[in-house]
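The model shown is predicted, which means the values in this text are computed figures rather than measured ones. We name chains A, B, ... by the order of the sequence lines, and we start the count at 1 in each one. What you see below is based on every heavy atom in this structure, not just the backbone, and it leaves out hydrogens, waters and symmetry mates.
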2 protein chains.
Amino acid sequence: MKAFDQYRNPALAVDLVVFGYYENSLNVLLLNRKEEPFKNRWTLPGAFLQMEETFLDTCNRVLNTKLGMDNFFLEQLYSFDAPERDPRGRVIAVAYYALINPSKFEIVAGNMANDVQWFSIDELPKLGFDHKDILDAAVKRLRAKILYNPVGFELLNDEFTMPELHRLYETILQTSIDRRNFRRKILDSDYLVSSGSKREGLQNRPPDLYQFNKALKPNKFQINIDLS
Amino acid sequence: MKAFDQYRNPALAVDLVVFGYYENSLNVLLLNRKEEPFKNRWTLPGAFLQMEETFLDTCNRVLNTKLGMDNFFLEQLYSFDAPERDPRGRVIAVAYYALINPSKFEIVAGNMANDVQWFSIDELPKLGFDHKDILDAAVKRLRAKILYNPVGFELLNDEFTMPELHRLYETILQTSIDRRNFRRKILDSDYLVSSGSKREGLQNRPPDLYQFNKALKPNKFQINIDLS
DNA sequence: CTACTTTGTGTCAAATTAACGCAAACAGAT
DNA sequence: ATCTGTTTGCGTTAATTTGACACAAAGTAG
């Protein structure tokens, strides 16, 4: 028996906070459990880490098999260790959060349709395990992150307008930002490229379309919002 | 057999990056391994998580028993999952970093004196496992953190001078900061209280002594240094 | 053609920052 | 005592950034 195997090891789960944005709402993907514990309660999707998997492997396994998704922004959030967080015994959770564009996926038409559902983070059901803590940490991280890091576009279409990005920021940060100052900061940072065309079919003046600038490295930018 | 126990679980180690600052150098505590693998190589202190322990419990166990330390700034850094990071088998590492004032502890006089040593982060030996990756991540985190969060004082004495804090920042960030602008930002943030007295025994004009302000909540501050 | 809405562009005072001047307070040498 | 060199504390000022607006352009609806 190897030295590091002399004790039983805690189980290791990877739990996912999948954020999706649509209709001016930041939503999170929840799974309705069919087994105990927390049967019929909503929880974050997750799985136990297999011996040969990396965390990202497990993330992709969950998102692929359960949700039919793949390939998007994924970042490690935090590891949760409260001894009683799982009533079955000792389970450590490594939490990741993902940013996806729901319109690119067919969640509802998946093979476990009734089990998986988007919830607005403003209207959450009671969650099982310590998943509310994990979700809160993820929201906090996301809010802090978009202030200086251009991750917002992960939640939008490839082409998006400035008002759309602006509304995304206001929704996530739950505050109002002067649209003209916002525009100036974002454009000064060089992280967008104008696609030349405009979004048609809206009520009023057609807004310009932009794409995320994958070529050059964006400058620093900083949206000044006092969180906490 | 419980559901979550149907597979063998990876071992779970807690590894510690202990930062200490003295003589204008940011140092990290390393342990010389006495066993394989990486026998006689320097590594981060760490231990396997016991079934009933929290991460912080393990941290304190390591710092207490191996280093005779206790009670200081400790923050979770990241969890490392590379499958081959430990040649003995699958071991996940949850990394924490600590900020301590070396003058408050007797590392060298500990019970494993020859095994434990401070190294300047500028003159590191080759490290075992993936501990260089962990250390790099910790340095990066610390550098980003002190720009907006008053954690610097954790590395200094209870009473410290403005030039000391200034040199600490310059050392950690490896850049020069105008001392007069630095002073203004720090003092404006209200996170220091003047202790009234001055540091005696130095060559030139005696600098004022300050303490960290535990009473009131400091204002936001932001040192503008372009990392990366 | 008018009213209304939304988007794009610009302006300007206030706040913040970066860069630097200078005197106060010490030690040590003359 | 006085001078020199150094470090610390306290300002000043110009440049930059920010926050709060005004206003025209481009659309729809009546």
How many Å lie between [atom1] on [X] and [atom2] on [N], as a whole number?
| X | N | atom1 | atom2 | answer |
| --- | --- | --- | --- | --- |
| A/Leu187 | D/dT17 | CG | P | 15 Å |
| A/Phe221 | D/dT17 | CZ | C1' | 16 Å |
| B/Phe182 | D/dG11 | CZ | P | 19 Å |
| A/Tyr148 | D/dT17 | OH | C1' | 21 Å |
| A/Lys198 | D/dG27 | NZ | P | 8 Å |
| A/Asn219 | D/dT17 | CG | C1' | 14 Å |
| A/Leu192 | C/dG8 | CG | C1' | 15 Å |
| B/Met162 | D/dT8 | CE | P | 11 Å |

Could one point to a donor on the side chain of [X] or the base of [N] with an acceptor on the other under 3.5 Å away?
| X | N | value |
| --- | --- | --- |
| B/Arg205 | D/dT6 | no |
| B/Asn224 | C/dA18 | no |
| A/Arg179 | C/dG8 | yes |
| A/Arg184 | D/dG19 | yes |

Below 4.0 angstrom from OP1 or OP2 of D/dG19, is there any side-chain N or O of A/Arg180?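 For D/dG19, neither OP1 nor OP2 has a side-chain N or O of A/Arg180 closer than 4.0 Å.
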Is the phosphate of C/dG8, meaning OP1 or OP2, less than 4.0 Å from a side-chain N or O of A/Arg183?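 Answer is yes, contact under 4.0 Å.
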Options D/dT8, D/dT28, D/dG5, nucleotide nearest the side-chain atoms of B/Pro207: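 So the nucleotide nearest the side chain must be D/dT8.
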Closest to side chain of B/Asp208, choosing from C/dT6, C/dA18, D/dG9: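 Between C/dT6, C/dA18, D/dG9, the one nearest the side chain of B/Asp208 would be D/dG9.
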Let me spell it out: for each of B/Leu202 and A/Pro163, pick the nucleotide of DNA chain C with the closest heavy atom. Which residue's pick is nearer the 5' end?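 By nearest-heavy-atom nucleotide position, the 5'-most residue is A/Pro163.
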Centroid separation A/Phe160 to A/Tyr210 less than 6.0 Å: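 No.
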Indicate, with yes or no, if the rings of A/Phe80 and A/Tyr78 have centres closer together than 6.0 Å.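 For A/Phe80 and A/Tyr78, the ring centres are under 6.0 Å apart.
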Mapping A/Glu200 and B/Gln203 to their closest nucleotides on DNA chain D, which lands nearer the 5' end?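 Upstream on the strand: B/Gln203.
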Is the number of heavy atoms from other residues, nucleotides or ligands within 6.0 Å of NZ (A/Lys140) greater than 12?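 12 or below, so no.
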A/Glu170 (side chain) donor-acceptor with A/Ile177 (main chain) under 3.5 angstrom: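 Confirmed, A/Glu170 side chain pairs with A/Ile177 backbone.
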Quick one: does any side-chain atom of B/Thr58 pair with a main-chain N or O of B/Thr54 as donor and acceptor, under 3.5 Å?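 Such a contact is found between B/Thr58 side chain and B/Thr54 backbone.
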